[in-house]
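Down below is the structure, laid out as structure tokens.
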Amino acid sequence: MLNPNHLFPLNFKALVLLLGFGLTVFHGVSQVRNYSGVATDIKTGKVLFTAKFNEKRINGKLESMETQYFSADGKVKIAVRKVLFRNNPYAPNFVFQNLRTDATEVMTTEGTTAELHFKKNGDTKPVKKTITVPGVMVADAGLVSLILDRWGNLKAGKQEGLNIIVTSRLDYYHFILYEKSTDADRKAGHTRIIFVSDNWFVRKVIDPIEMVFENSTKRLIRFEGATNLTDQDGKQFTSAIITYQFEN
């Protein structure tokens with residue numbers, strides 16, 4: 001585990017190096033996948049932000065991901081994220097920074113333990129917590145990795161339980177995954193996966209997340225639900241629809 005006293009007040013580049021990003025030594029066949037996303041308000045259709053993704057795979061296995069988030073017009077970079085899947089494909093190490101508010105999230109994992117660090121904005125002190133997560137531990141972009149590994153079970157109508165880590169809350173919550181494809185989804189060759197809490201109280205404050213995958217490629221092509229970005233004032237965006245376009 002990292003020494004939490006070393007994490008702040010480092011800048012984003014220093015955090016990235018401290019966590020081991022950029023120090024990766026690749027062994028095997030390396031593949032790079034680039035794609036982009038556009039997030040729109042679910043009610044108004046207004047563009048909230050755009051994003052560019054860069055994934056690196058070694059022999060087909062996801063190794064790392066870098067995401068750059070931009071303003072609605074694509075001109076101003078508003079957030080950055082680095083994810084390293086090497087230690088745990090479902091609960092990867094990651095660093096996220098909102099460049100408009102200076103909010104920062106950092107997570108590292110070791111076995112069933114996760115070390116969480118969160119700074120709400122540039123005017124607040126960072127807080128940290130180490131938690132032990134039972135069962136299937138999932139965080140951030142690792143959710144898609146879990147869905148793909150459980151694809152057969154989900155397509156067979158089985159529910160999959162997991163404990164999702166929310167870094168900004170310094171805690172984890174139990175959620176379930178299940179398939180709920182519509183006739184339109186099936187006709188288009190798509191699969192719709194629902195991600196929802198099985199706790200009634202949590203469901204009152206967190207809407208279910210819907211993810212649509214293309215069956216032929218297993219790529220996530222549409223996301224609907226809460227995002228990890230906030231607006232200029234640090235207020236949480238309303239639920240968004242993110243559509244993805246792939247370059248390769």
Side-chain angles (χ1 to χ4, degrees), residues 27-35 37 53-65 67 81 83-94 107 109-112 114 132-166 172-199 202-203 206-228 239 241-248:
H27 299 286
V29 180
S30 175
Q31 303 95 24
V32 176
R33 176 184 293 174
N34 296 305
Y35 55 102
F53 303 84
N54 176 275
E55 290 182 355
K56 290 184 174 64
R57 296 172 183 269
I58 304 298
N59 297 326
K61 185 178 180 180
L62 187 59
E63 172 77 12
S64 64
M65 174 190 293
T67 309
R81 178 183 66 168
V83 187
L84 192 63
F85 296 86
R86 191 183 309 138
N87 287 351
N88 188 326
Y90 305 148
N93 293 353
F94 75 89
M107 187 186 87
T109 60
E110 185 175 311
T112 61
T132 299
V133 183
V136 181
M137 178 170 64
V138 178
D140 201 73
L143 179 60
V144 172
S145 297
L146 177 69
I147 290 173
L148 297 182
D149 279 356
R150 302 291 197 273
W151 188 262
N153 288 343
L154 292 167
K155 293 291 287 183
K158 297 180 181 179
Q159 291 187 354
E160 293 287 334
L162 59 96
N163 288 315
I164 186 81
I165 297 172
V166 182
Y172 69 89
Y173 303 90
H174 192 264
F175 274 65
I176 56 173
L177 291 166
Y178 61 91
E179 182 194 0
K180 193 178 181 181
S181 300
T182 64
D183 289 341
D185 291 330
R186 286 185 282 269
K187 186 175 181 180
H190 298 160
T191 293
R192 185 178 301 266
I193 302 297
I194 307 299
F195 174 63
V196 63
S197 173
D198 56 0
N199 181 290
V202 176
R203 286 199 302 271
I206 302 178
D207 292 332
I209 287 174
E210 296 190 12
M211 292 165 283
V212 178
F213 292 80
E214 186 178 56
N215 291 337
S216 60
T217 62
K218 302 295 193 299
R219 289 175 173 175
L220 176 65
I221 59 173
R222 187 179 189 275
F223 172 99
E224 181 178 328
T227 74
N228 58 349
S239 292
I241 295 174
I242 305 176
T243 55
Y244 302 91
Q245 298 83 37
F246 292 85
E247 298 178 13
N248 57 338

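Only one option out of Leu146, Ile164, Leu162 pairs with Tyr90 in a side chain to side chain contact (heavy atoms under 4.5 Å, CB included); it is Leu146.
The local environment of NZ in Lys180 is sparse, with at most 12 non-hydrogen atoms from other residues, nucleotides or ligands closer than 6.0 Å. Around the NZ atom of Lys218, the shell of radius 6.0 Å holds more than 12 heavy atoms that belong to other residues, nucleotides or ligands.
The OG atom of Ser30 sits 7.5 Å away from atom NZ of Lys56, with the distance rounded to the nearest 0.5 Å. Rounded to the nearest 0.5 Å, atoms CD (Gln159) and CG (Asn153) are 12.0 Å apart.
A search for side-chain hydrogen bond (donor to acceptor under 3.5 Å, both in side chains) contacts involving Ser145 returns nothing, not counting sequence neighbours. Shown here are the ring-ring contact (aromatic ring centres under 6.0 Å, His included) partners of Tyr172, two or more places apart in sequence or in another chain: there are none. Remark: Phe53 pairs with Tyr35, Tyr244 by the ring-ring contact (aromatic ring centres under 6.0 Å, His included) rule, at least two apart or across chains.
Using cut-offs of 30° and 60° on the angle between ring planes, the pair Phe195 and Phe175 is parallel.
In this structure, the side chain of Arg81 does not engage the main chain of Phe94 through any donor-acceptor pair within 3.5 Å. Using modelled atom types, one side-chain atom of Gln31 and one backbone atom of Gly60 make a donor-acceptor pair closer than 3.5 Å.
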Handout entry: side-chain contact (heavy atoms from CB on, under 4.5 Å) evaluation trace for His174 with Asn199
Key = CA-CA 8 Å; His174 192 264; Asn199 181 290; over 6 Å; no
Exercise for the section: Report the C-alpha separation of Glu214 and Thr191 in whole Å, then their side-chain angles, then the decisive distance to 0.1 Å, and conclude whether the side-chain contact (heavy atoms from CB on, under 4.5 Å) test is met. Expected result: CA-CA 7 Å; Glu214 186 178 56; Thr191 293; over 6 Å; no
Practice task
Kindly indicate, with the supporting measurements, whether the criterion side-chain contact (heavy atoms from CB on, under 4.5 Å) is fulfilled by Leu143 and Met211.
Solution key: CA-CA 11 Å; Leu143 179 60; Met211 292 165 283; 3.9 Å; yes
